[in-house]
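Down below is the structure, laid out as structure tokens.
All values below were derived from every heavy atom in this structure, side-chain atoms included, with hydrogens, water molecules and symmetry-related copies excluded. Quick note: residue numbers are just sequence positions, from 1.
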Amino acid sequence: MARTKAVQQPDLVLITWSRNPLVAGSARRIVSFRVIGSAYPCSNSLVVGGLLANALACLRDNDIGFKIVYRKMTSDISGILLLKRSR
């Protein structure tokens, strides 16, 4: 009888972000996020109110391997990002 292996599913991180509309050039901040699978070792950088730049710097590090697969501006001051890591 042949043995079958389960295919490992990719890790996904969905982030919604927003800027302060009253301050020109303000930093993008995380409004909400959802992790499907694992965001290890970047779980600490995914914080509501935290800087999006810090979370992306960790997630997109070459050793961790997340890549942006979808990006959309939902308004002039907000947007969403979907990152994927294949194991």
Query raised in the report: Where the side chain of R29 meets the backbone of S18, is there a donor-acceptor pair that is under 3.5 Å apart?
Result: no
Query raised in the report: Tell me, do L12 and V69 make a side-chain contact under 4.5 Å, heavy atoms counted?
Result: no
Query raised in the report: What is the distance from atom CZ of F66 to atom CG of L81, rounded to the nearest 0.5 Å?
Result: 12.5 Å
**Report entry** Student check: side-chain heavy atoms of Y70 and L14 closer than 4.5 Å
**Finding:** no
Query raised in the report: Which atom pair, heavy atoms only, marks the closest approach of I80 to W17?
Result: N-NE1, 3.7 Å
**Report entry** Shared hydrophobic cluster for I68 and M73 (ILVMFWY, side-chain gaps under 4.5 Å)
**Finding:** yes
Query raised in the report: Counting N and O atoms only, with roles assigned by atom type, does the side chain of D11 sit under 3.5 Å from a partner on the main chain of S38, one being a donor and the other an acceptor?
Result: yes
Query raised in the report: Would you say the side-chain atoms of S26 pair up with the backbone N or O of N20, donor to acceptor, closer than 3.5 Å?
Result: yes
Query raised in the report: Side-chain contact, heavy-atom cut-off 4.5 Å: L59 with L46?
Result: yes
Query raised in the report: Transitively linked via ILVMFWY side-chain contacts under 4.5 Å: V35 with L82?
Result: no
Report task. Please answer: with hydrophobic residues joined when any side-chain heavy atoms are less than 4.5 Å apart, are F33 and I64 in the same cluster? Result -> yes
Report task. Would you indicate whether the side-chain heavy atoms of S78 and T16 approach each other to under 4.5 Å? Result -> no
Requested in this report: Kindly indicate whether the side chain of R60, heavy atoms from C-beta on, has any atom under 4.5 Å from the side chain of L83.
Outcome: yes
Query - V48 reachable from V13 in the ILVMFWY side-chain graph, under 4.5 Å edges - result: yes
Requested in this report: Could you tell me which non-hydrogen atom of I30 sits nearest to which non-hydrogen atom of S45, and how far apart they are?
Outcome: CD1-O, 4.0 Å
